[in-house]
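Lettering of chains follows the sequences in order, A, B, ..., and the numbering in each one begins at 1. Note that the structure is predicted; figures quoted are calculated from it, not measured.
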Amino acid sequence: MGLERETALRHRLAARDEQALVELVNLATPWLLGVAYGMLQDRDEAEDVVMETFLTVWENIAPPSGGHPGLMPYLLRVARHRAIDRLRGRRRRERKLSAAAPSEWSRQAVAPVVPDEAGHPGWQVHTQVHAALVELPAEQRAAVQLAYFQGLTHSEIAAQLGIPLGTVKTRLRLAFTRLRITLAGLKEWVL
Amino acid sequence: MRSHEWFVEHRVDYATGVLDADDALTFEAHLPHCEECRREVARIEAELAWLPMGSDPVAPRPGFRRRIIQRVLEGNRSRGQRWLLPAALAASLLLAAGGWYAGDQRARAVEAAFAGEHVRLAALEDTLSIMRGAGRVLQASVQVGKQRGGLVIFADEVTHRWNVVVHGLPPAPAGGRYQFWFICADEMVRGAEVRVDPARPMMFTTGMPERGGTVMGAALTVEPVGATDGPPQGKPLAHLML
């Protein structure tokens, strides 16, 4: 969203404006579900994560200030951390690891943008992040997909790909260094 | 004991949540003692703040957004008024049932005495059918001065009509009037003016508004008598989220 709109929305949320909550839920829910579902691969659990995210944000939202991250990045971060917590708590991890075929995650990492959805709020940011991911070398992109979007740890990725732990770390560091440069310019969610 | 070089090397891994559990705990224990690492981790998080948007969006299942709003607002209310809700619900339903019973009795009398009033009777039966067939019943207590009343909505989710009962309210304060609102996704849409009769519950039936987007709930306010357009200006008395 534009910076002015985000600032106004944040002020209203801090003032417990319920209509502002409705707006935020409408805007953010598909993206938060996308983050949670990408990691958990379970629709019900993903919805639980999104629910917890909004509860957390509604409880803790403060008026905008220099020290706060943007509203949408804040939501995304809370959702992602919640999803990671759930993922790490699962005992069924081994089954999940064996179920994810490399060809599948590789394809998902760069799923093409559907033109019809170009009008969706946030879609512009989505396409820019996609473009940054596509620019990565394939092996780095695959490591980022497993680590960041599916929530696997270094050791799990090494086991999954059958490569040394050090190689996983190197690929991720190179990838994140490049992504930091590319994405640092994204400041707001342009509608 | 890790060297500081190890922490420098793993800042990105920590910030992106990909460290193994033991390493993550080690890093967390280090952070409170190292301002440089805290600052750098915050910087990395800020630079990669939009990376989660690389996930494809997932369309919410029908009703999920509504459940989020309801749950968040319920959590908000329950801290302060947990004990009030069951009591208010019981009181509201008793009063509404009383109003329903009285209305039904009256309709029977009208039918017997005035056979020509079939249209009016049909309207009343239609109203009652919404109450009988209501998929959801929502209620809120309303406090006006020292008087406590209630707002009850019987929502027929098949025909998308509501039967609204307002009870226990004193006459509107001087210069004001009770106003019913739809809380829609895009805006607050003005519904019916509520003319209360202190002697009995006030009841009306309404369809959904044609503008404003998805209906998320309803509200009751006291509006200045002259205010007939635009968003609510007056004092909010109650709201209900679907």
Side-chain angles (χ1 to χ4, degrees), chain A residues 16 18-19 21-23 25-26 29-31 33-35 37-38 43 46-47 50-51 54-55 58-59 69-70 72-73 76-77 79-81 84 88 108-109 111 117 120 122-123 125-126 128-130 132-133 147-149 151-155 157 169 172-173 176-177 179-181 183-184 186, chain B residues 9-13 15-24 42-61 63-76 79 181 183-188 212-217 219 231-232 236 239-241:
Chain A
R16 292 291 181 265
E18 294 174 3
Q19 186 60 29
L21 175 67
V22 172
E23 286 177 34
V25 168
N26 282 335
T29 298
W31 299 107
L33 269 179
V35 169
Y37 183 74
R43 188 101 192 189
E47 288 187 353
V50 173
M51 186 74 82
F54 281 111
L55 285 166
W58 182 251
E59 284 293 311
M72 196 59 200
L76 291 166
R77 195 171 70 190
R80 189 165 173 274
H81 285 181
I84 288 174
R88 303 266 158 90
Q108 286 176 348
E117 296 182 81
H120 196 293
W123 200 258
V125 176
H126 178 63
Q128 287 176 280
V129 174
H130 249 271
L133 290 168
Y148 198 83
F149 294 102
L152 304 194
T153 64
H154 285 153
S155 305
I157 296 167
K169 290 184 177 183
L172 283 174
R173 273 170 212 158
F176 284 130
T177 300
L179 288 169
R180 285 172 65 184
I181 296 167
L183 299 180
L186 274 177
Chain B
E9 213 173 276
H10 287 82
R11 282 172 185 159
V12 171
D13 306 312
T16 52
V18 300
L19 279 180
D20 289 319
D22 290 346
D23 288 342
R43 194 163 73 128
I44 294 164
E45 284 180 343
E47 287 171 347
L48 294 174
W50 291 108
L51 186 53
M53 289 290 287
S55 298
D56 289 333
V58 171
R61 288 190 278 204
F64 180 55
R65 285 185 171 108
R66 190 183 64 200
R67 278 197 290 123
I68 293 172
I69 293 163
Q70 194 169 10
R71 172 85 187 278
V72 170
L73 296 180
E74 272 174 5
N76 202 34
R79 283 191 303 281
W181 297 86
I183 302 172
C184 300
D186 300 334
E187 60 181 323
M188 297 282 283
T214 309
V215 175
M216 318 291 293
H239 68 266
L240 291 166
M241 299 306 292

With sequence neighbours excluded, residues passing salt bridge (charged side-chain N to carboxylate O under 4.0 Å, His left out) with B/Arg65: none
Side-chain heavy-atom pair B/Met216, A/Glu18 within 4.5 angstrom cut-off: no
side-chain contact (heavy atoms from CB on, under 4.5 Å) between B/Trp50 and A/Met72, intermediate numbers included: CA-CA 8 Å; B/Trp50 291 108; A/Met72 196 59 200; 3.8 Å; yes
Side chain proximity check, A/Thr177 to B/Val12, heavy atoms < 4.5 angstrom: no
salt_bridge(B/Glu9, A/Arg173) N-O dist < 4.0 Å: yes
Note, A/Thr29 side chain near B/Pro60 side chain (heavy atom, < 4.5 Å): yes
For B/Leu48 against A/Tyr148, the heavy-atom pair lying closest together: O-OH, 4.0 Å
Between CZ on residue A/Phe176 and OG1 on residue B/Thr16, distance to nearest 0.5 Å: 4.0 Å
Test log, rule side-chain hydrogen bond (donor to acceptor under 3.5 Å, both in side chains), inputs A/His126 and B/Asp56: CA-CA 8 Å; A/His126 178 63; B/Asp56 289 333; 3.1 Å; yes
Max heavy-atom pair count under 4.5 Å with chain A, selected residue of B/Asp186, B/Leu51, B/Thr214: B/Leu51
Pairwise side-chain contact, B/Arg43 with A/Arg180, heavy-atom cut-off 4.5 Å (strictly under): yes
Residue pair A/Gly34 / B/Val58: nearest heavy atoms and the distance that separates them: CA-CG2, 3.7 Å
Toward chain A, the part of B/Ala185 with a non-hydrogen atom under 4.5 Å: both
Distance (rounded to the nearest 0.5 Å) between A/Ser155 OG and B/Asp23 CG: 7.5 Å
Side-chain heavy-atom pair B/Glu187, A/Gln19 within 4.5 angstrom cut-off: no
Minimal non-hydrogen separation, A/Ile84 against B/Gly17, with atom names: CD1-O, 4.2 Å
Residue part contacting chain B, namely of A/Tyr37, when any heavy atom lies under 4.5 Å: side chain
Segment of A/Glu47 engaging chain B (4.5 angstrom heavy-atom cut-off): both
Residue, of A/Leu76, A/Asn26, A/Val35, that accumulates the most heavy atom pairs under 4.5 Å with chain B: A/Asn26
Check: B/Ile69 and A/Val25 side chains under 4.5 Å, non-hydrogen atoms: yes
Selection from B/Ala49, B/Pro52, B/Gly217, B/Cys184 maximising heavy-atom pairs under 4.5 Å formed with chain A: B/Pro52
Most chain B-contacting option - heavy-atom pairs closer than 4.5 Å, from A/Gln128, A/Glu23, A/Arg43: A/Arg43
Nearest-0.5 Å distance, CG of residue B/Leu73 to CZ of residue A/Arg16: 9.5 Å
A/Leu55, part contacting chain B, at a heavy-atom distance under 4.5 Å: both
Heavy-atom check, side chain of A/Thr153 versus side chain of B/Leu19, under 4.5 Å: no
Contact check, side chains of A/Trp31 and B/Ser55, non-hydrogen atoms, under 4.5 Å: no
Closest contact, heavy atoms only, A/Trp123 versus B/Pro57: CZ3-CG, 3.2 Å
